[in-house]
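Let me begin by presenting the structure, written as structure tokens, before commenting on it.
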Amino acid sequence: AGGSAAAGAANLVGGLAGMAYLNTFTREAEAEADDFAVDLLPRAEYDPRGLVAFFQTTAAEGGSGVPEFLSSHPTDRDRIEATSARIARNGLPPGLNVDDGGRLEIMQRRIRLLTGQGIDSQD
């Protein structure tokens, strides 16, 4: 009995270690995507500080609740710090948009109509 319990514990620990190791690659990819967004948004004339506000919102809503070593994403705190630092390093041109004038909602409604989900299912 001790042998099977020990084997089960070893499998569990090994699986967790493997997952933690593989998730570091996913976290790195997410960090690269955040950096890309910070660089791209000003070129599209949008203020990338909206990313920081988004990460603050997800943090305030409790985040993922998954321990960092098991998460496939960087923590909200890490994303806020890294994104804010990159914005500060890059600097921002004046006059960036902070609002899309409702275009996102229009696209979402069109997608719902085209996919058959209907408008009322999401309102």
Side-chain angles (χ1 to χ4, degrees):
S4 65
N11 282 338
L12 177 64
V13 170
L16 288 174
M19 186 184 311
Y21 175 73
L22 292 174
N23 280 340
T24 60
F25 295 110
T26 306
R27 284 192 295 271
E28 289 172 10
E30 287 293 324
E32 287 178 21
D34 294 346
D35 288 346
F36 178 74
V38 169
D39 294 340
L40 181 68
L41 284 167
R43 293 191 315 206
E45 299 182 2
Y46 285 97
D47 192 326
R49 289 176 288 206
L51 288 171
V52 175
F54 172 75
F55 298 142
Q56 289 168 334
T57 299
T58 58
E61 292 179 357
S64 70
V66 176
E68 183 176 0
F69 76 97
L70 291 177
S71 178
S72 61
H73 288 64
T75 65
D76 293 320
R77 177 184 37 83
D78 290 343
R79 292 178 101 170
I80 291 165
E81 290 173 8
T83 302
S84 297
R86 187 166 186 98
I87 291 169
R89 277 192 312 274
N90 289 0
L92 296 176
L96 294 175
N97 295 307
V98 294
D99 188 298
D100 71 351
R103 289 190 298 263
L104 174 63
E105 289 81 7
I106 292 169
M107 288 188 291
Q108 289 171 330
R109 287 179 179 269
R110 286 180 181 170
I111 290 169
R112 279 188 237 125
L113 286 170
L114 291 171
T115 59
Q117 293 180 358
I119 298 173
D120 295 330
S121 65
Q122 296 293 318
D123 291 333

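Residue-environment remark: CD (E45) stays at or below the threshold of 12 foreign heavy atoms within 6.0 Å. Taking a 6.0 Å sphere around CZ of R49, one finds it holds 12 or fewer heavy atoms contributed by other residues, nucleotides or ligands.
A donor-acceptor pair is defined here as one N or O able to donate and one able to accept, closer than 3.5 Å; no such pair exists between the side chain of N97 and the backbone of D99. Not one N or O on the side chain of S84 forms a donor-acceptor pair closer than 3.5 Å with the backbone of E81. Side-chain atoms of D47 never come within 3.5 Å of backbone atoms of L96 as a donor-acceptor pair (strictly under, hydrogens ignored).
Looking at I111 and Q117, their side chains never come closer than 4.5 Å, going by heavy atoms from C-beta outward.
The two atoms that bring P42 and V38 nearest to each other are CD-O, 3.0 Å, heavy atoms only.
Using modelled atom types and a 3.5 Å distance limit, the side chains of D34 and T83 yield no donor-acceptor pair.
Of the inter-residue distances, the one linking Y46 atom OH with L51 atom CG reads 13.5 Å to the nearest 0.5 angstrom. Going from atom CD of E61 over to atom CG of D76 covers 10.0 Å, rounded to the nearest 0.5 Å.
Cluster annotation: L113 and I106 are assigned to distinct hydrophobic clusters (Ile/Leu/Val/Met/Phe/Trp/Tyr, side-chain heavy-atom contacts under 4.5 Å, transitive). With hydrophobic clusters built from ILVMFWY side chains whose heavy atoms lie under 4.5 angstrom apart, F54 shares a cluster with L41. F55 and L40 fall into different hydrophobic clusters, where Ile, Leu, Val, Met, Phe, Trp and Tyr are joined by side-chain heavy atoms under 4.5 Å apart, directly or via other members.
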